[in-house]
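Okay, structure first, notes after.
Just so you know, ligand 1 is whichever comes first in the structure, and atom 1 is the first atom listed for that ligand. On a predicted model such as this, the values are computed, not experimentally measured, just so you know.
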Amino acid sequence: MIFESDSIRVTLLAQGIAELCFDAPGSVNKLDKATLNTLGQAIDAIAANHDVQGVLLTSNKDNFIVGADITEFLGLFALPDEELAGWLTMANDIFNKLEDLPVPTISAVSGFALGGGMETILSTDFRVADESAKIGLPETKLGIMPGFGGTVRLPRVIGADNALEWITTGKNYKAADALKVGAVDAVTRPEKLTAVATAMLQDAIAGKLDWETRRQAKLTPLHLSRTEAVMSFTTAKGMVAMKAGPHYPAPMMAVSTIEQSASCDRTQALANEQVGFIKLAKSEVAQALVGIFLSDQHIKGLAKQATKLATPVKSAAVLGAGIMGGGIAYQGASRGTAMVMKDIQQSALELGLTEASKLLNKQLERGRISGSEMAAVLNNIVPSLDYAALQHTDIVVEAVVENPKIKASVLAEVEGNVTDNCVITSNTSTISINQLAQSLRDPSRFCGMHFFNPVHRMPLVEIIRGEHTSAETIATVVAWAAKMGKSPIVVNDCPGFFVNRVLFPYFGGFTKLLADGADFQQVDKIMENQFGWPMGPAYLLDVVGNDTAHHAQAVMEEGFPERMSATPGNAIDLMYQQQRFGQKNGSGFYQYTIDRKGKPKKQICQDAIELVQQPQPTNFSAEQIIARMMVPMVLETVRCLEEGIVASPAEADMALVYGLGFPPFRGGVFRYLETVGLQTFIAMADELADLGPLYQVTEGMRQLAASGRTYLT
Ligand code: NAD
């Protein structure tokens, strides 16, 4: 043994091969601060041992190194620039030391080698992967860029064009794809990994493989002619501008850094990387995206905990084969739950199955599933017109029409046709769970399970706890939602639950703006381009359906009359009265035609403008529009937290990002408040206080601001 620590062992094997094995105490290897330190010591120990002829990097886990420890990021990013630079320099000194060892080096990679893990293997001369390997540099997805030499070594190993693609998309690549571009030198079966890597290292030691020339390429400028450089970097910038857009600066910074470093040696290129990294690490976007990653982990952790109390769901039934029922059946079946889809009409069942087939066909065309996998999923959905099919069901999701009387009778019928252990849920979007529970003999086995449309694409499932819902019921539903690949967030019952409760004040802000003379197309543009929503409010209403919104508006009004009483004749009412329901019937705030791909295309509609806009327009600045739209949503989110509707700021933010498409680079309402500053936000809201109760800051928020703390500290 040459070296031993908690996470790394170095053993001297036969023929002078030193095996540096990553083997952290937990289930995965991470490149946290402590591991990085010991990596430095391990390399020093290797360098000091004159018997070492070559170095083999391995892992004693299923994964090589999953990446840096992201839980350390926000603390590191908050350090003063010089300290952050010091940490990066310390890390880079270690990777340089590994790269500069006087003997050949090789990495044997299985499972994930991501971020810092990939930067580790890029520091060795050769890389062998087994078929399970997945490698990549996902940093730009977190609003930063590689900081341990990834922007320097990857272009020199796989060429500028490939490296630009890898780094700006942040994707993981399978071993075979990595081999194609030369990110790894060989791919082997898992059981042969060490043997193949050892043989290659022996060849290098014996001088049969020229490791020194390879290494040299990583220390010197990129081999690119002027024309090639212009072509590569201009194309990459065009792609990034189109795909990432102005709100996500990391991919563009990575391109500029690689361009700037193209003519530099390793030392200068690493210095350039450091400058770019620090700039990004200090950005609000990086804080927001890292925050989302950590909150997502938190939600996954809660779902994992829930499995302890949960009853495993093997078979499930969905009642109603409509838009939602069909989507839920597909989602459950494709994640391995045997699904029954029950409706009262044969035609509806056929429509539901056709929808599922269409989704599967798309996956088949894209090569994501095989024909037999597709058949297996379809076979996993059993259509039925009869309750008898529900006899052995573990869980039922009611997704029939949004009518309280019909739902009440359907739920009572269901309870009479399932076992006493079966959990019953409703996908209602507006009806109180406590009210629906009254139609059941045992309300402890009942809760809301609110999926979003389209089910296969929207990650959130809002799980609504009624006053009698048992902890076991919630745990079972949470665990099943997670098994379906969704992000479950548990909330308490109230009108609109959490997501719609905070969405309707935002729509309230919108209809008031229109009443005061705003131009809805301008509002849409500002909320999309400047705030970053995927759709502005008018467009979103057309997608949700102005009839659905009109109905939900009434529910919210009844639930919170003091705040959410809509002004009669508001834009949503007008759209509804004129049967301008939105995309579903071709006209709403905009007009829709179907394009060649069968997707609705939005066009300006003069009739709609005349219907909802004031004859005398008022000019609002972008700041005014954003404030008038966002203040009501933010304050309602705060009220939900204060009333315990949602348990934590992290869960609230994730529900907004996953359920409504709240711009991820802003991280959700509470992260947004952190960025704006509580005092500034309160001043902004107070200035709009005349607009009504939706704009009244809560006492709790004032107290928090006065204490100098924030929702996230
Ligand atoms: P839909 O009208 O597309 O489908 C309803 C289906 O229920 C129809 O196929 C109908 O035949 C069937 N049905 C009616 N009575 C039934 C009964 N007694 N037993 C079995 N089936 C019966 O409606 P949808 O848009 O899928 O909405 C269903 C539920 O999901 C509603 O509660 C709605 O509020 C909620 N929801 C809808 C959306 C959305 O965007 N569409 C989003 C979230 C939640």
Side-chain angles (χ1 to χ4, degrees), residues 317-331 339-356 381-390 393 396-418 424-433 435-436 439 447-464 481 486 489 491 495-501 503-504 535 540-556 581-585 588 655 658-661:
V318 61
L319 302 182
I323 305 176
M324 298 305 287
I328 296 163
Y330 161 82
Q331 190 66 30
M339 300 292 302
V340 170
M341 183 167 67
K342 185 192 171 301
D343 206 291
I344 46 173
Q345 296 177 56
Q346 182 61 32
S347 57
L349 289 175
E350 280 157 19
L351 217 67
L353 281 175
T354 312
E355 278 307 309
I381 306 177
V382 176
S384 172
L385 292 171
D386 197 336
Y387 275 119
L390 270 63
T393 297
V396 173
V397 186
E398 171 279 306
V400 305
V401 281
E402 186 76 351
N403 174 319
K405 281 194 189 136
I406 297 182
K407 283 199 191 283
S409 76
V410 167
L411 288 170
E413 268 170 31
V414 172
E415 196 177 33
N417 282 283
V418 294
I424 302 174
T425 70
S426 172
N427 183 44
T428 176
S429 30
T430 53
I431 307 167
S432 155
I433 291 304
Q435 182 192 326
L436 288 177
S439 45
C447 69
M449 190 173 191
H450 185 202
F451 289 86
F452 290 74
N453 186 18
V455 176
H456 67 283
R457 206 170 292 147
M458 298 296 287
L460 179 66
V461 179
E462 198 177 10
I463 293 169
I464 303 113
K486 298 293 170 194
I489 293 183
V491 302
F497 315 134
F498 172 66
V499 172
N500 281 330
R501 176 165 163 187
L503 177 62
F504 273 81
M535 295 173 208
L540 178 61
L541 279 163
D542 277 357
V543 172
V544 169
N546 288 302
D547 52 341
T548 306
H550 180 261
H551 166 73
Q553 183 177 261
V555 173
M556 299 313 295
F581 296 155
Q583 279 188 346
K584 64 176 77 161
N585 69 352
Y658 285 163
L660 288 181

(request) Using the test side chain to side chain donor-acceptor pair (under 3.5 Å), find all partners of Ser439 that sit at least two apart in sequence or belong to another chain. (result)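 Applying side chain to side chain donor-acceptor pair (under 3.5 Å) to Ser439 gives none.
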(request) Identify, with sequence neighbours excluded, every residue that meets side chain to side chain donor-acceptor pair (under 3.5 Å) alongside Asn417. (result)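 Listed in chain order: nothing, the list is empty.
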At less than 4.0 angstrom from any non-hydrogen atom of [X], what atoms of ligand 1 do you find?
{"X": "Gln345", "result": "11 (O)"}
{"X": "Ala348", "result": "9 (O)"}
{"X": "Val400", "result": "7 (O), 13 (N), 14 (C), 15 (N), 16 (C), 17 (C), 19 (N), 20 (C), 21 (N), 22 (C), 28 (C), 29 (C), 31 (C), 32 (O)"}
{"X": "Lys407", "result": "31 (C), 32 (O)"}
{"X": "Thr428", "result": "32 (O)"}
{"X": "Asn453", "result": "39 (C), 40 (O), 41 (N)"}
{"X": "Gly320", "result": "6 (C), 7 (O), 12 (C), 20 (C), 21 (N)"}

Looking only at protein heavy atoms, which one is nearest to [atom], and how far off is it?
{"atom": "atom 1 (P) of ligand 1", "answer": "Gly322 CA, 4.0 Å"}
{"atom": "atom 26 (O) of ligand 1", "answer": "Met324 N, 2.8 Å"}
{"atom": "atom 3 (O) of ligand 1", "answer": "Ile323 N, 3.1 Å"}
{"atom": "atom 2 (O) of ligand 1", "answer": "Val401 CG1, 4.0 Å"}
{"atom": "atom 43 (C) of ligand 1", "answer": "Phe451 O, 3.2 Å"}
{"atom": "atom 30 (O) of ligand 1", "answer": "Asn427 ND2, 3.0 Å"}
{"atom": "atom 15 (N) of ligand 1", "answer": "Ile344 CD1, 3.5 Å"}
{"atom": "atom 11 (O) of ligand 1", "answer": "Asp343 OD1, 2.7 Å"}

(request) Flag the pair Thr428 / Ile464 as yes when at least one side-chain heavy-atom distance between them is below 4.5 Å, and no otherwise. (result)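 A side-chain contact under 4.5 Å is absent here.
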(request) Measure the CG-NZ distance between Leu436 and Lys407 for me, rounded to the nearest 0.5 Å. (result)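 Answer rounded to 0.5 Å: 7.5 Å.
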Judging by distance only, is a nitrogen or oxygen of [X] under 3.5 angstrom from one on ligand 1?
{"X": "His450", "answer": "no"}
{"X": "Glu402", "answer": "yes"}
{"X": "Ser429", "answer": "yes"}

(request) Verify the contact flag for atom 23 (O) of ligand 1, where contact means a protein heavy atom under 4.0 Å away. (result)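 So atom 23 (O) of ligand 1 lacks protein heavy-atom neighbours under 4.0 Å.
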(request) Begin with the C-alpha distance, continue with both residues' side-chain angles, and end with the deciding distance and a verdict on side chain to side chain contact (heavy atoms under 4.5 Å, CB included) for Glu462 and Phe452. (result) CA-CA 9 Å; Glu462 198 177 10; Phe452 290 74; 3.7 Å; yes
(request) Check the pair Leu411, Val396 against side chain to side chain contact (heavy atoms under 4.5 Å, CB included), reporting the backbone distance first and the verdict last. (result) CA-CA 10 Å; Leu411 288 170; Val396 173; over 6 Å; no
